[in-house]
Amino acid sequence: RLGRIVKKSSDESVFGNSSYSLAGAVYGIYSDKDCTKKITELTTDVKGETKEYELEVGNYYVKEITAPENYKLNDRIYTLTVLEGMTAVVNSEDTPEKGSVSILKTSAEGSTLPVKGTEYTVYKDKECTETTGVLTVGDDGKSNVLSLYYGTYYVKETKAAPGYMLDTAVHTVKLETTKTVELKLADKVIRIDLSTLAKNDKSKTDAGEHIALAEEKTEITDTVTYKG
């Protein structure tokens with residue numbers, strides 16, 4: 001006439017993630033459905049299991065009091081039916097908490113060129129080989145929000161907006177809470193120095209700096225130097 005609880009994660013993909021643990025969940029065992037008359041408390045170990053507790057034959061009610069680290073509290077009330085000569089087990093699941101990441105994109109030089117369409121890929125590894133999602137920048141310079149389990153991720157620009165240089169830097173993001181981590185990033189505009197003359201409908205200067213757009217044609221009559 002024993003009772004015990006076995007705790008599991010609702011998503012097994014977090015197994016091995018050091019941000020999550022099944023240990024430390026506290027459950028109350030009650031004699032009434034409303035869970036007002038507590039008999040005892042049981043706490044899970046690293047495997048998500050509690051010790052056995054001796055009970056009289058009958059029905060009992062089990063409710064989670066404290067969730068384990070970085071899991072949502074399960075408010076479901078379970079029925080534990082204890083029979084003679086048997087160990088009654090309640091199998092419970094908790095949902096892992098998630099964080100999220102987004103991009104706020106601007107021009108490094110304050111250019112009015114739109115940044116819409118810039119894409120960043122989010123990876124699980126430093127080598128940027130294991131993709132977990134994509135962030136795409138909209139008209140307002142903000143990307144979609146990508147929801148991910150806690151941990152460290154690596155963000156790299158994989159598509160620049162027209163007129164901008166591709167940012168090859170890898171940005172590290174650590175998700176530890178349910179709050180959204182917003183990365184504020186800027187790209188450099190592609191610029192061309194015309195050392196003598198550029199004949200272009202959009203530029204009336206005979207020398208100086210000019211923003212190169214993908215859709216325009218520029219005729220250069222002398223040396224062109226590209227700046228990174």
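Worth knowing before you read on, the calculation uses all heavy atoms, side chains too, and leaves out hydrogens, waters and symmetry mates.
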Evaluate the criterion side-chain contact (heavy atoms from CB on, under 4.5 Å) for residue pair K105 and D187; output intermediate values, then yes/no. CA-CA 8 Å; K105 188 71 177 180; D187 277 355; 2.6 Å; yes

Test: K98 cationic atom under 6.0 Å from Y149 six-membered ring centre, within 45° of axis: yes

Drop me the distance from I103's CD1 to T118's OG1, to the nearest 0.5 angstrom. 9.5 Å

Less than 4.5 Å apart, side chain to side chain, heavy atoms only: is that true for V26 and L42? no

Could you check whether any side-chain N or O of N70 sits under 3.5 Å from a backbone N or O of E176, counting only pairs where one atom can act as donor and the other as acceptor? no

Transitively linked via ILVMFWY side-chain contacts under 4.5 Å: V90 with Y30? no

Against Y153, only a single residue in D125, L175, T172 fulfils side-chain contact (heavy atoms from CB on, under 4.5 Å); can you say which? L175

Between NZ of K184 and OG of S102, what distance do you get to the nearest 0.5 Å? 10.0 Å

Do H171 and K156 come within less than 4.5 Å of each other through their side chains, counting heavy atoms only? no

Measuring only between side-chain heavy atoms, which start at C-beta, is V155 closer than 4.5 Å to T121? no

Min side-chain heavy-atom separation S143-T136 under 4.5 Å: no

When every non-hydrogen atom of N74 is compared with those of E93, the smallest separation belongs to ND2-O, 2.8 Å

Under 3.5 Å donor-acceptor, S111 side chain and L113 backbone: yes

For the residue pair D11 and S13, confirm or rule out a side-chain donor-acceptor distance under 3.5 Å. yes

The reported gap from NZ in K179 to CD in E182 (rounded to nearest 0.5 angstrom) is 13.5 Å

Is there a path of hydrophobic side-chain contacts, each under 4.5 Å between heavy atoms of I/L/V/M/F/W/Y residues, joining I29 to Y61? no

Atom of S147, atom of S100 and distance for their closest heavy-atom approach: CA-CB, 4.1 Å

Over all heavy atoms of both residues, which pair between E52 and L2 is shortest? Give the atoms and the distance, please. OE1-CD1, 3.0 Å

Where the side chain of D45 meets the backbone of K47, is there a donor-acceptor pair that is under 3.5 Å apart? yes

Does this structure show an ion pair linking D32 with K37, if we count only N-O contacts that are shorter than 4.0 Å? no

How long is the span from the CG atom in L22 to the OG atom in S9, to the nearest 0.5 Å? 6.5 Å

Is it true that the side chains of N59 and T81 contain a donor and an acceptor less than 3.5 Å apart? yes

Are side-chain N/O atoms of Y120 and E157 paired as donor and acceptor at under 3.5 Å? yes

Which atom pair, heavy atoms only, marks the closest approach of P68 to S21? CB-O, 3.0 Å

4.5 Å side-chain heavy-atom contact, I65 and K38: yes

Please determine whether residues V173 and L135 belong to a single hydrophobic cluster, defined as Ile, Leu, Val, Met, Phe, Trp and Tyr linked transitively by side-chain heavy-atom distances below 4.5 Å. yes

Membership question, hydrophobic clusters at under 4.5 Å side-chain separation (ILVMFWY): are L183 and V145 in the same one? no

Is the closest side-chain donor-acceptor distance between S92 and Y27 under 3.5 Å? yes

Does the side chain of Y164 come within less than 4.5 Å of V115's, by heavy atoms? yes

Side chain proximity check, V137 to E119, heavy atoms < 4.5 angstrom: no

OG1 on T40 to CG on L55, rounded to 0.5 Å: 8.5 Å

Are any of the side-chain nitrogens in D94 or K7 under 4.0 Å away from the carboxylate oxygens of its partner? yes

Between the side chain of T50 and the main-chain N/O of R4, is any donor-acceptor distance below 3.5 Å? no

Membership question, hydrophobic clusters at under 4.5 Å side-chain separation (ILVMFWY): are L80 and M86 in the same one? no

Can you tell me if E109 uses its side chain to pair, donor with acceptor, with the backbone of V189 under 3.5 Å? yes

Could you grab the distance from atom CG of L166 to atom NZ of K159, nearest 0.5 Å is fine? 11.5 Å

Would you indicate whether the side-chain heavy atoms of T87 and Y53 approach each other to under 4.5 Å? no

Heavy-atom pair of closest approach, residues C128 and Y154: SG-CB, 4.4 Å

Is it true that Y150 and Y20 have ring centroids separated by less than 6.0 Å? yes

